[in-house]
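From a predicted model like this one, the values you see are computed outputs, not experimental measurements. Computed from heavy atoms alone, side chains included, the values below leave out hydrogens, waters and symmetry copies.
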Amino acid sequence: YEYCIERKMMKENISLHQNLKNAVAVLGIALDKFQHIFPTYTDHSILHSENVLQLCNALLKDRIQMLNADECYILAMSCYLHDVGMCIIEEDYREFLSQIDTDDYFAKHPDAKVADVVRNFHNEFSGCFIKKYSDFFEIPTKDHIWGIIQVSRGHRKTDLFDRSEYPDIVLENGNTVHLQCLAAIVRLADELDVTVERNPSLLYEKLKLIEAEDIEAFAQHEAIRMLEIYDDKIVLKAIAQGDILTSVENLCGKIRKTLDYCILKSGVILIFININLFKIVRIIFVFFVSAVTRNLSNTSRFLSCKSKQNI
């Protein structure tokens, strides 16, 4: 199902597909700026955006045929732009902050740094960025702009139950765009980009990590080796122990919560999915222990450990 959303868009509306291609061509540069603000943070480059889009393909499968070309365009553009708020320049930060409802955040966090504010409200910063630079990305109409803003904002925190924020909108060409459904799909796909591929070692240096939160996030991604999406379940395959195993299990709980929420938003499209954590943890840990213990000539200790694991 790779690239099915893109292929359907290209087949039904070549102009929208070309607009998407043009936007993606320049987005890589913009998204790479996230490392200026978050040099040790989990990947939010265009690689993450592409992963999210392909996860949308995997979640929807044949149901992609239920989408029209405009929905495909808004969904794909939102996948690419949902985290662009992590990449804003200082001038835009000041401008956008005045447009965002931060509630009592600064009262509770008087010493908050720019990075803290961006991290907490980056979906709202993304919305402001899309609105300001919509002409640059050749987004064709005001309805498309608003749709992409809402779906991008909806990847976290926003209330997808609010039909004033996530209505079904009818475009001038007669196509109906179901914003609630599209936002739910992007939110779940974003949550599922959790495997070791999220932080490729070619681009990140673990030894430079300082913050406990960053260290845990990287370890968590390293532990999750594979994610598989079936018609009746989502399977995470992880190699972990101790605190990292607990962290992976907590992540699965978070995904389960997001999944339950998104099912309510997307109707039949996602109702067939449930989640299962596939634990190959202990068995593979024994394999690693066996290699270490043989090198240490401590066979008896290994056998004792192995027998307890099997029990």
Side-chain angles (χ1 to χ4, degrees), residues 27 29-45 48-49 52 78 80-134 146 148-162 164-166 183 186-188 190-191 193-194 198-199 203-221 243-244 246-251 253-255 257-258 261-262:
L27 260 173
I29 298 172
L31 289 169
D32 280 346
K33 290 181 180 178
F34 90 94
Q35 289 190 316
H36 296 309
I37 304 177
F38 305 102
T40 63
Y41 197 47
T42 302
D43 178 42
H44 283 75
S45 71
H48 167 60
S49 299
V52 171
S78 299
Y80 280 108
L81 288 164
H82 73 282
D83 277 336
V84 75
M86 301 278 286
C87 317
I88 55 178
I89 61 176
E90 185 175 350
E91 180 182 341
D92 282 343
Y93 169 79
R94 292 195 299 268
E95 177 185 340
F96 297 161
L97 188 60
S98 65
Q99 303 171 24
I100 292 172
D101 180 10
T102 57
D103 197 19
D104 59 352
Y105 178 81
F106 287 102
K108 292 181 176 179
H109 306 87
D111 299 322
K113 299 176 181 178
V114 170
D116 299 323
V117 179
V118 171
R119 177 181 285 188
N120 276 279
F121 297 99
H122 74 267
N123 60 319
E124 301 296 345
F125 282 108
S126 292
C128 294
F129 183 97
I130 295 164
K131 182 178 181 180
K132 180 175 180 177
Y133 296 106
S134 59
W146 191 68
I148 294 166
I149 288 172
Q150 293 306 97
V151 175
S152 297
R153 289 180 59 240
H155 85 273
R156 64 192 297 267
K157 289 189 175 182
T158 60
D159 180 9
L160 302 186
F161 278 107
D162 187 346
S164 67
E165 293 283 320
Y166 294 95
V186 172
R187 184 176 294 195
L188 181 57
D190 182 58
E191 196 78 69
D193 188 19
V194 294
R198 177 75 184 269
N199 293 319
L203 302 180
Y204 295 90
E205 298 183 54
K206 277 195 306 182
L207 296 179
K208 290 186 177 181
L209 300 179
I210 298 174
E211 300 294 331
E213 184 179 357
D214 294 330
I215 293 170
E216 180 181 356
F218 271 72
Q220 190 180 81
H221 286 296
D243 292 342
I244 301 303
T246 301
S247 176
V248 172
E249 290 176 326
N250 290 339
L251 175 65
K254 186 169 179 279
I255 293 173
K257 184 177 179 180
T258 300
Y261 183 83
C262 289

Student: Heavy-atom count around Asp243 CG within 6.0 Å, excluding the residue itself: above 12?
Tutor: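 At most 12 heavy atoms, drawn from other residues, nucleotides or ligands, come within 6.0 Å of this atom.
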Student: Hey, does Thr158 have a side-chain heavy atom less than 4.5 Å from the side chain of Arg187?
Tutor: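 Heavy-atom side-chain distance check passes, below 4.5 Å.
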Student: Of all the heavy-atom pairs spanning Ala30 and Cys87, show the shortest one and how long it is.
Tutor: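 Heavy atoms only, the tightest pair is O-CB, 3.2 Å.
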Student: Stepwise, does the side-chain contact (heavy atoms from CB on, under 4.5 Å) test hold for Ser49 with Leu31?
Tutor: CA-CA 9 Å; Ser49 299; Leu31 289 169; 3.6 Å; yes
Student: Nearest 0.5 Å, please: how far is CD in Glu249 from CD1 in Ile244?
Tutor: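 Nearest 0.5 Å value for the CD1-CD distance: 12.0 Å.
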Student: Is there a ring-ring contact (aromatic ring centres under 6.0 Å, His included) between Phe121 and Tyr93? Walk through the geometry before answering.
Tutor: CA-CA 11 Å; Phe121 297 99; Tyr93 169 79; over 10 Å; no
Student: Walk me through whether His221 and Leu251 qualify under side-chain contact (heavy atoms from CB on, under 4.5 Å).
Tutor: CA-CA 10 Å; His221 286 296; Leu251 175 65; over 6 Å; no
Student: Once rounded to the nearest 0.5 Å, what's the spacing between atom CG of Leu81 and atom CZ of Arg153?
Tutor: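 Answer rounded to 0.5 Å: 14.5 Å.
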Student: Measure the shortest side-chain to side-chain distance between Asn120 and Thr102 over non-hydrogen atoms and say whether it is less than 4.5 angstrom.
Tutor: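 Side-chain contact under 4.5 Å: no.
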Student: What's the verdict on side-chain contact (heavy atoms from CB on, under 4.5 Å) for His122 and Arg156, showing C-alpha distance, side-chain angles and the deciding distance?
Tutor: CA-CA 9 Å; His122 74 267; Arg156 64 192 297 267; 3.3 Å; yes
Student: Please name the residue in the list Ile100, Ile130, Val84 that meets the side-chain contact (heavy atoms from CB on, under 4.5 Å) test with Phe125.
Tutor: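 Of all the options given, the one that passes is Ile100.
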Student: Identify the heavy atoms of Ser152 and Ser78 that sit nearest to each other, and give their distance.
Tutor: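 Residues Ser152 and Ser78, closest heavy atoms: OG-CA, 3.5 Å.
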Student: Looking at His82, is its backbone amide N or carbonyl O close enough to the side chain of Ser126 to form a donor-acceptor pair, meaning the two atoms are under 3.5 Å apart?
Tutor: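 Yes, Ser126 side chain to His82 backbone: donor-acceptor pair under 3.5 Å.
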Student: Applying side-chain contact (heavy atoms from CB on, under 4.5 Å), can you list everything that pairs with Ala112, at least two apart in sequence or on another chain?
Tutor: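 Counting only residues at least two positions away or on another chain, Ala112 forms a side-chain contact (heavy atoms from CB on, under 4.5 Å) with Tyr105, His109, Asp116, Val117.
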Student: CD of Glu90 to CG of Asp92: how many Å apart, nearest 0.5 Å?
Tutor: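 Glu90 atom CD to Asp92 atom CG measures 10.5 Å (nearest 0.5 Å).
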Student: Please round to the nearest 0.5 Å and tell me the distance separating atom NE2 of His155 and atom CG of Leu160.
Tutor: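 The NE2 atom of His155 sits 11.5 Å away from the CG atom of Leu160.
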Student: Taking side-chain contact (heavy atoms from CB on, under 4.5 Å) as the definition, give me every residue that meets it alongside Lys254, ordered by chain and number, with sequence neighbours left out.
Tutor: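 So Lys254 forms a side-chain contact (heavy atoms from CB on, under 4.5 Å) with Glu191.
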Student: Could you measure the distance from the NZ atom of Lys257 to the SG atom of Cys262? Nearest 0.5 Å is fine.
Tutor: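 The NZ atom of Lys257 sits 12.0 Å away from the SG atom of Cys262.
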Student: Do you know the tightest heavy-atom contact between Ala107 and Pro110?
Tutor: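 Scanning both residues completely, I find the closest heavy atoms to be O-CD, 3.8 Å.
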Student: What's the separation between atom OH in Tyr166 and atom CG in Asp159, rounded to the nearest 0.5 Å?
Tutor: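 Reported value, rounded in 0.5 Å steps: 8.5 Å.
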Student: Can Asp190 and Asp83 be said to form a side-chain contact (heavy atoms from CB on, under 4.5 Å), step by step?
Tutor: CA-CA 10 Å; Asp190 182 58; Asp83 277 336; 4.2 Å; yes
Student: Does Gln150 reach the main-chain N or O of Glu165 with its side chain, forming a donor-acceptor pair under 3.5 Å?
Tutor: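 Looks like yes, one N/O pair under 3.5 Å.
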